[in-house]
2 protein chains.
Amino acid sequence: MTTIYEVAKKARTTSGTVSRALNNKGYVAEETKRKIERVAKRLNYTPHFLARSLRTKKTDIIAVIIPNIANPIYPEIIRGIQDKAHELGYQVLISNSDALPEREIELLTIFSQKRVDGIFLGTGEGAENKKIREKIKKLSEAGIKLVVGGFIKDKLPTDSLSIDNFQGAYEVTKHLLNLGHNKIGFISGPKNARVAQERQKGYRAALLNHNILYHDGLVAYGNFQQESGYTLGKDFLQREKAPSAIFAANDVMAIGVILAAEELGRRIPEEVAIAGFDDITWASIIRPRLTTVSQPKYEVGSLAAEMLIQRINEENNRTFQRIILKPKVVIRESTLNQEKK
Amino acid sequence: MTTIYEVAKKARTTSGTVSRALNNKGYVAEETKRKIERVAKRLNYTPHFLARSLRTKKTDIIAVIIPNIANPIYPEIIRGIQDKAHELGYQVLISNSDALPEREIELLTIFSQKRVDGIFLGTGEGAENKKIREKIKKLSEAGIKLVVGGFIKDKLPTDSLSIDNFQGAYEVTKHLLNLGHNKIGFISGPKNARVAQERQKGYRAALLNHNILYHDGLVAYGNFQQESGYTLGKDFLQREKAPSAIFAANDVMAIGVILAAEELGRRIPEEVAIAGFDDITWASIIRPRLTTVSQPKYEVGSLAAEMLIQRINEENNRTFQRIILKPKVVIRESTLNQEKK
DNA sequence: CTGTTAGCGCATTCAG
DNA sequence: CTGAATGCGCTAACAG
């Protein structure tokens, strides 16, 4: 590796001047600057990232912690983060927590050891977990730049963003109710997953609003995987008094329900209407196309990266942003069968 | 931030000893060691990653360059890479090249500036591009640890792995021929994409093997996106003498073809058989389920990470591995409609 | 077994 | 405008 000293030597000057010249900082005569640039190029000089970082205390790297990159809602979010980050000169480190609080904490610890400039925590159950809240507080106090995505409970000392899960669920449920369904099954996520809880609350509130009794027997708890949607959906459909509509807390499970309905020979939406949440790519490819709640994934990612990097670039701002994005219900054939052209 | 010096001071010793104690290196008395550990814990000491890296010349980070994380074949590969990397103590930096050679080169340059210990290049057209080949050679000579995935043309001075694209395509095509199709449309990828070229060769070889004339008119060039599969598939199907089978160079385009067929009211596979390549998750969810060529994505990622990290941990080994994995044809309803239970 | 010393490569003082 | 000196925090080599 060629160092700044070698460049300085060949250019008959010193490291300080080379540094200033190459970084366009401070004064340096046009002529010496040109000379230095020529020599640097000839020697194929490239600054040593680590050394520079050690000095400047900036790595130009942000870390992203998400439950699982293989979960179809994340790639697009990640792409949004990456594009914005690259645009602003940052690289992106990505790790999976599998939504395990211990793992999230472990990763937060690793990344806060001065290897990255900031961290985006796309939390699983996340902020709902006490240990994680404490960890976040601690990091924030230690000056670690952090943005939390997903569900945010308290006024944590971080910037955060999430979509309005309650509202989204409320609205799809209302859509189903308006179609005349009064027995709607809900397939939730893991009991401790805050996102699922919120969606469940939205579902419940909509029922209430329509004067329909909330009934525990119509709520099943899955794990956000297709298999669980399939199993629980099948169970719902095989009951003596099966619900006429099923709303799953995410699209992946909703697709499982569609497969179950198909297997049982139930027509969708005539015999059973099905709705999901997320609007993953495949929601509009599967047949029937899936009614769901759409969140602008790419934009969420992009916005998250922007918030984080902005936070990185300012000192001691103790007012935190809390952005809650409005979701949008997308009505498709799985609840309403009518061609619109 | 608390440094090693503060720990040393409180423990009434010096930085060297603290370093040895905390890293379990060299000799250090049990007692002093315990003391140091206690103090370190009390002060909440955590080593400064950059400083350590500058000294040891290791970052414990690997970089991954892929065309696009939002392309459904990548998340699983990435997950394989991440899991293996984490297991071995590495973090993973991920960037998208959008299969643009200039972008690949740019990213290779950035990452080789001592910010990562090694690079996995999951190339788009990649090794087929002269500039990239040169770049790879240069980096290899400079001692940068590199593993290239995807299609590999020459005996480049790097480890590499890819699946046998030719073989996979050959076999699905043979499958179609054996079903009696003798007019098989092929939807390729971009003309400069080596992967697509190889798959096309496999298609062609299978035809030849069955004494069927290869016909340019039966080959269309897409861009690996669903939309192009849809458009080109529709075009094939609306011809006066439409092919009775269509083989697309990847699943995403094949799904586009399925949608086109559906829209035109053609029954699959009775009126048109459809096959893809990759076996993405959705290939088995879409109806009809898609016949395709399966590659063990998670394992590919895991293996790639393993190769790279092994390479990182050895000095000056100038013999390079070239692994070519065997793909497997998965027959589903889109070509062969029969229930098997 | 432990303390001292040096230096990784750079950016930033501070004199001049 | 430029050179010299300093130190970011750590580990490794060496002397004791």
Side-chain angles (χ1 to χ4, degrees), chain A residues 1-37 39-40 43-61 89 110-117 142-144, chain B residues 1-37 39-40 43-61 89 110 112-117 142-144 315:
Chain A
M1 265 239 1
T2 116
T3 74
I4 203 169
Y5 290 107
E6 305 175 42
V7 176
K9 199 168 165 188
K10 295 274 184 201
R12 308 195 165 287
T13 175
T14 55
S15 67
T17 309
V18 173
S19 174
R20 263 166 281 156
L22 263 25
N23 296 314
N24 289 313
K25 266 185 186 166
Y27 299 99
V28 46
E30 259 312 309
E31 201 188 343
T32 44
K33 181 169 175 181
R34 270 199 303 277
K35 189 170 180 182
I36 287 169
E37 279 165 351
V39 173
L43 296 187
N44 209 351
Y45 169 76
T46 149
H48 190 299
F49 168 76
L50 288 173
R52 168 182 286 173
S53 290
L54 181 60
R55 191 69 236 267
T56 59
K57 293 166 177 334
K58 289 252 315 162
T59 61
D60 294 334
I61 296 177
I110 291 177
F111 291 134
S112 58
Q113 287 173 30
K114 294 283 163 257
R115 36 177 88 204
V116 301
D117 291 345
I144 305 291
Chain B
M1 265 241 2
T2 115
T3 74
I4 203 169
Y5 290 106
E6 305 176 42
V7 176
K9 200 168 163 188
K10 296 272 185 200
R12 308 195 166 289
T13 175
T14 54
S15 67
T17 308
V18 174
S19 174
R20 263 167 280 152
L22 264 25
N23 295 314
N24 289 314
K25 266 186 186 165
Y27 299 99
V28 45
E30 259 311 308
E31 200 189 344
T32 43
K33 182 169 175 181
R34 270 200 302 277
K35 189 170 182 183
I36 288 170
E37 279 166 351
V39 174
L43 296 188
N44 210 350
Y45 169 75
T46 149
H48 191 300
F49 167 75
L50 289 172
R52 168 183 286 172
S53 290
L54 182 59
R55 190 68 236 263
T56 60
K57 292 167 178 335
K58 289 251 318 161
T59 60
D60 294 332
I61 296 178
I110 291 177
S112 57
Q113 288 172 31
K114 295 280 163 258
R115 36 178 88 204
V116 300
D117 291 346
I144 305 290
E315 276 315 311

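Only a predicted model underlies this, so the values are computations on that prediction, with no experimental measurement involved. In the text below, chain A, chain B and the rest are named by the order of the sequence lines, each starting its count at 1.
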Using a heavy-atom cut-off of under 4.0 Å over every strand shown, decide if A/Ser19 touches base, sugar-phosphate, or nothing.
base

Per-pair distances, 0.1 Å, donor-acceptor, side chain in residues 1-12 of chain B, under 3.5 Å, sequence neighbours excluded:
unit_1	atom_1	unit_2	atom_2	d
B/Thr3	OG1	B/Tyr5	N	3.2
B/Glu6	OE2	B/Thr3	N	3.2

Residues passing the side-chain contact (heavy atoms from CB on, under 4.5 Å) test with B/Asp117, sequence neighbours excluded, are B/Lys58, B/Thr59, B/Asp60, B/Tyr90, B/Ile312

Given atom CG of B/Leu22 and atom P of D/dG9, what is their separation to the nearest angstrom?
16 Å

Could I get the full list of side-chain hydrogen bond (donor to acceptor under 3.5 Å, both in side chains) partners for B/Ser53, not counting sequence neighbours?
none

A/Gln113 CD to D/dC8 P: how many Å, rounded?
19 Å

With a 4.5 Å heavy-atom cut-off, do B/Phe49 and B/Ile61 have their side chains touching?
yes

Output the residues of residues 52-60 of chain A in contact with DNA chain D, where contact means a heavy atom of the residue under 4.0 Å from an atom of the strand; sort by number or write none.
A/Leu54, A/Arg55, A/Lys57

Take A/Leu54 and B/His48, measure what side-chain contact (heavy atoms from CB on, under 4.5 Å) needs, and give me the verdict at the end.
CA-CA 9 Å; A/Leu54 181 60; B/His48 191 300; 4.1 Å; yes

Rounded to whole Å, please give me the gap between CG in B/Leu50 and C1' in D/dG7.
15 Å

A/Glu31 CD to D/dT2 P, straight-line distance once rounded to whole Å:
9 Å

Kindly calculate the angle separating the two end axes of the helix from C/dC1-D/dG16 to C/dG16-D/dC1, each obtained from five base pairs, and round it to 10 degrees.
50°

Contacts of B/Asn44 that satisfy side-chain hydrogen bond (donor to acceptor under 3.5 Å, both in side chains) - sequence neighbours left out:
none

Show the atom names and distances, to 0.1 Å, of all donor-acceptor pairs under 3.5 Å that link a side chain in residues 18-25 of chain A to residues at least two apart or in another chain.
unit_1	atom_1	unit_2	atom_2	d
A/Arg20	NE	A/Gly16	O	3.3
A/Asn23	OD1	A/Arg52	NH2	3.3
A/Asn23	ND2	A/Ser19	O	3.0
A/Asn24	OD1	A/Lys33	NZ	2.4

The criterion is side-chain contact (heavy atoms from CB on, under 4.5 Å); which residues satisfy it with A/Arg55, sequence neighbours excluded?
none

Could you pull out all residues at least two apart from A/Glu37 that satisfy side-chain hydrogen bond (donor to acceptor under 3.5 Å, both in side chains)?
none

For C/dT12, does either OP1 or OP2 sit under 4.0 Å from a side-chain N or O belonging to A/Lys25?
yes

Considering only heavy atoms from C-beta outward, does the side chain of B/Ile36 approach that of B/Thr17 to under 4.5 Å?
yes

Which part of the nucleic acid, if any, lies within reach of A/Phe49 when heavy atoms closer than 4.0 Å are counted: base, sugar-phosphate only, or nothing?
nothing

With sequence neighbours excluded, what pairs up with A/Glu31 under the side-chain hydrogen bond (donor to acceptor under 3.5 Å, both in side chains) test?
none

To the nearest Å, how far apart are A/Asn23 CG and C/dC10 P?
10 Å

All N/O pairs under 3.5 Å across the protein-nucleotides 1-5 of chain C interface:
unit_1	atom_1	unit_2	atom_2	d
C/dT2	OP1	B/Thr32	OG1	3.1
C/dT2	OP2	B/Ala29	N	2.7
C/dT2	OP2	B/Thr32	OG1	3.2
C/dG3	OP2	B/Thr13	OG1	2.3
C/dG3	OP2	B/Thr17	OG1	3.1
C/dG3	N7	B/Arg20	NH2	3.1
C/dG3	O6	B/Arg20	NH2	3.2

